[in-house]
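Each remark here refers to the structure printed beneath this line.
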Amino acid sequence: MRRRGFDFRRPARRRWISGGWVLWLVIGGLGVLVFLSLLSRESQPRSAPFVRQHHITTFVEGLNVTDEMLSPHSATRQVVDQISLAKSYVTIAKESNNIRFAGELSAQLHRSQDLLSSVAARGTQLTIEEAETTIRDMAFLLFQAQQLHYDSSSMIAKLKGQVQSLEEKSKSEADKSTKYGQIAAEELPKGLYCLGLKLTMEWFQNINAQKKLVEQRRVSERLKDNRLYHYCVFSDNILAASVVVNSTTLNSKHPDLIVFHLVTDDVNYAPMKAWFSLNNFHGATVEIQKVEDFSWLNASYVPVLKQLQDSETQNFYFSGSGDSRTPIKFRNPKYLSLLNHLRFYIPEVYPALEKVVFLDDDVVVQKDLSDLFSINLNGNVMGAVETCMETFHRFHKYLNYSHPLVRAHFDPDACGWAFGMNVIDLREWRRRNVTGIYHYWQERNKDHTLWKLGSLPPGLLAFYGLVETLDPKWHVLGLGYTTVEPSLIKEGAVLHYNGNMKPWLKIAMEKYKGLWDRYVDYSHPLLQRCFVH
């Protein structure tokens, strides 16, 4: 029994010794691992360049610029704000002729910008320590700017004053420009004055010219023949009327079928007769009359003449004491000229005619106009080109719609149209009594409350609902005040120099003057004496 017991105890002791060795081995292994880990941590700084590069890349990728600029403690934000303010002060200092201070501020501005550039290239945030000197120096200069009254409130007040002063100067210069432009437009050029004198002398000295006029009277039947093409022009400008007649006949397929009816004033009657009797216009017939011979045009019949007898109207036009808010162009006495308003009496001037084409004296004809006489006006009195492509040319721009009469009778968005080239059915005119309608509205506008001045506004009222729209190619406007598309000019039958820059004036638009000059024969002996061309 003792032997078995011995055997039993010995194996048990051997198992305990084996487990202890295993435990020590595990503990030793763990110790080696800890030692190796410590060694690896101690060796980590030796690879610093690589680790640092990895750290910077991660920082740049995670840098939030928005958070940086919004942070109230950000040095970058302070520098950026100072730069923005400094740029404004540099401009203001230069405007105030403080060049020295502007230079100092510009130099500091560049230093602040260089600091931000260097920080951006480095890829790190700007610290307060780095920016302290730059911020302090800039703050000192900005404080100086405030002491010089460059702060916002002072500069706003100063700029408001400057803007107001500039607006007043601009308004004054614009008024002067308008006045001088209007004077230049109304002035009779020296050449035209000279031509009028020379032609007057020629008329009274040249018996042949008077004989030609007598011979022309023998064809008076042509003046009433409705099978011919009748044109009427009312003008006191000899050269302009000549261009209208010359360009129309030159471009006509049948110039011998053309009859021109010219009406002028007493001053230009003799020179106008001399010019058209001494020159040939390709077989066309030209009739010259003067407005003073129309005895029925008197103050008892014509509202415009009646208004001229009113002292307020005389002051408005001739004394310069009228409403200063009224543009100077509307205070031009030419708007009261009978030649300007004679267009409303065409049926009475030519009682035997049935259809005419009315032309202003500031037009040039480029195409044959004979087809105008066969256009169907569909029962309307007049054919005209509409001008309402822009809102400016609608009724509300010409008429006073605060007046109850205007508001009650006319659509403010009705389309305007142009005088200057108009086909007129005189039979329909007489039947509709258009002249009577014109008189009605003129009498109600004696105080200038329905419209200002001019012949177009009363024309819009008198012909309201009686106008047939023509193809725009028949009448191209704007050559006397604006730029016109070359394609429109090329295709246009009649070119109109409406505006102040007439082609016979020095202020004419040079690019369009040649279209008019081509119909003036400057080699003519009388023109050579009066015009330097």
Side-chain angles (χ1 to χ4, degrees), residues 182 185-186 232-235 302-304 307 316-317 326-346 356-363 380-401 403 405-406 409-424 429 432 434-446 448-470 472 474-482 494-502:
Q182 195 66 38
E186 296 169 16
C232 55
V233 180
F234 309 139
S235 175
V302 180
V304 170
Q307 291 171 16
F316 183 86
Y317 286 105
T326 303
I328 186 174
K329 68 177 182 177
F330 292 125
R331 299 161 63 84
N332 186 348
K334 79 171 186 177
Y335 289 118
L336 294 179
S337 165
L338 266 182
L339 285 177
N340 192 44
H341 285 264
L342 194 60
R343 64 192 68 191
F344 296 105
Y345 301 95
I346 294 176
V356 298
V357 170
F358 169 77
L359 296 174
D360 267 337
D361 65 355
D362 55 351
V363 304
N380 288 306
V381 175
M382 181 170 65
V385 169
E386 290 186 336
T387 57
C388 60
M389 286 73 73
E390 304 170 10
T391 181
F392 176 79
H393 296 106
R394 296 189 181 273
F395 271 43
H396 65 84
K397 290 298 182 179
Y398 296 103
L399 306 172
N400 176 20
Y401 272 86
H403 198 290
L405 266 179
V406 174
H409 290 84
F410 304 101
D411 178 8
D413 291 323
C415 194
W417 44 267
F419 269 131
M421 195 294 299
N422 307 96
V423 188
I424 301 173
W429 180 315
R432 302 291 189 105
V434 174
T435 301
I437 299 172
Y438 163 74
H439 283 173
Y440 174 86
W441 290 111
Q442 276 287 3
E443 289 167 356
R444 277 148 187 77
N445 192 49
K446 59 183 179 181
H448 311 300
T449 56
L450 301 187
W451 68 87
K452 291 302 180 183
L453 269 297
S455 56
L456 181 57
L460 296 176
L461 304 188
F463 290 95
Y464 187 66
L466 303 175
V467 177
E468 180 71 15
T469 303
L470 300 181
W474 282 113
H475 189 189
V476 176
L477 297 108
L479 279 74
Y481 75 96
T482 189
V494 176
L495 306 180
H496 197 167
Y497 291 80
N498 56 312
N500 281 341
M501 292 179 277
K502 305 298 185 188

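- Within the model, atoms CG of Leu461 and CG of Leu456 stand 9.5 Å from one another, a figure rounded to the nearest 0.5 Å.
- The two residues Ala384 and Val467 have their closest heavy-atom pair at CB-CG1, 3.9 Å.
- For Glu468 (side chain) and Val423 (main-chain N/O), no donor-acceptor pair under 3.5 Å exists by modelled atom type.
- Atom OG of Ser235 is separated from atom CG of Asn340 by 11.0 Å, given to the nearest 0.5 angstrom.
- Listed here is the closest heavy atom pair of Gly499 and Tyr481: CA-CB, 4.2 Å.
- A pairwise comparison of heavy atoms in Pro303 and His439 identifies CD-CD2, 3.4 Å as the closest pair.
- The distance from the CG atom of Leu405 to the OH atom of Tyr440 is 5.5 Å, given to the nearest 0.5 Å.
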For ring-ring contact (aromatic ring centres under 6.0 Å, His included), just list the numbers for Trp429 and Phe463, CA-CA rounded to whole Å, side-chain angles, deciding distance to a tenth of an Å, and then say yes or no. CA-CA 9 Å; Trp429 180 315; Phe463 290 95; 5.2 Å; yes
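- Taking the side chain as every heavy atom from C-beta outward, Trp417 and Met382 approach each other to under 4.5 Å.
- Contact record, Gly465 with Asn380: O-OD1, 3.5 Å, taken as the closest heavy-atom pair.
- Of all heavy-atom pairs between Leu460 and Gly416, the closest is CD2-CA, 4.2 Å.
- Shown here for Pro412 and Arg394, the closest heavy-atom pair between the two residues is O-CB, 3.9 Å.
- Scored by the side-chain contact (heavy atoms from CB on, under 4.5 Å) test, Leu466 finds Val381, Arg432, Val434 as partners (sequence neighbours excluded).
- Taking the six-membered ring for Trp and thresholds of 30 and 60 degrees, Phe344 and Phe419 have ring planes more than 60 degrees apart, a perpendicular arrangement.
- Here Asp411 pairs with nothing under the side chain to side chain donor-acceptor pair (under 3.5 Å) rule; sequence neighbours left out.
- Side-chain atoms of Val304 and Tyr438, non-hydrogen and from C-beta on, do get closer than 4.5 Å to each other.
- Judged as a side-chain contact (heavy atoms from CB on, under 4.5 Å), and not counting sequence neighbours, the contacts of Pro472 are Val385.
- Every ring pair (Phe, Tyr, Trp, His ring centres under 6.0 Å) that Phe410 has, sequence neighbours left out, goes to Trp441, Tyr464.
- Remark: Asp362 engages Asp360, His496, Tyr497, Lys502, Trp504 in a side-chain contact (heavy atoms from CB on, under 4.5 Å) (not counting sequence neighbours).
- The distance between the ring centers of Phe234 and His341 does not fall below 6.0 angstrom.
- Thr469 meets the side-chain contact (heavy atoms from CB on, under 4.5 Å) test with Glu386; sequence neighbours excluded.
- Side-chain contact check for Arg343 versus Asn422: every heavy-atom pair is 4.5 Å or farther apart.
- In terms of modelled atom types and a separation under 3.5 Å, the side chain of Asn445 and the main chain of Leu450 share a donor-acceptor contact.
- Side-chain atoms of Asn400 do not come within 3.5 Å of backbone N or O of Trp451 as any donor-acceptor pair.
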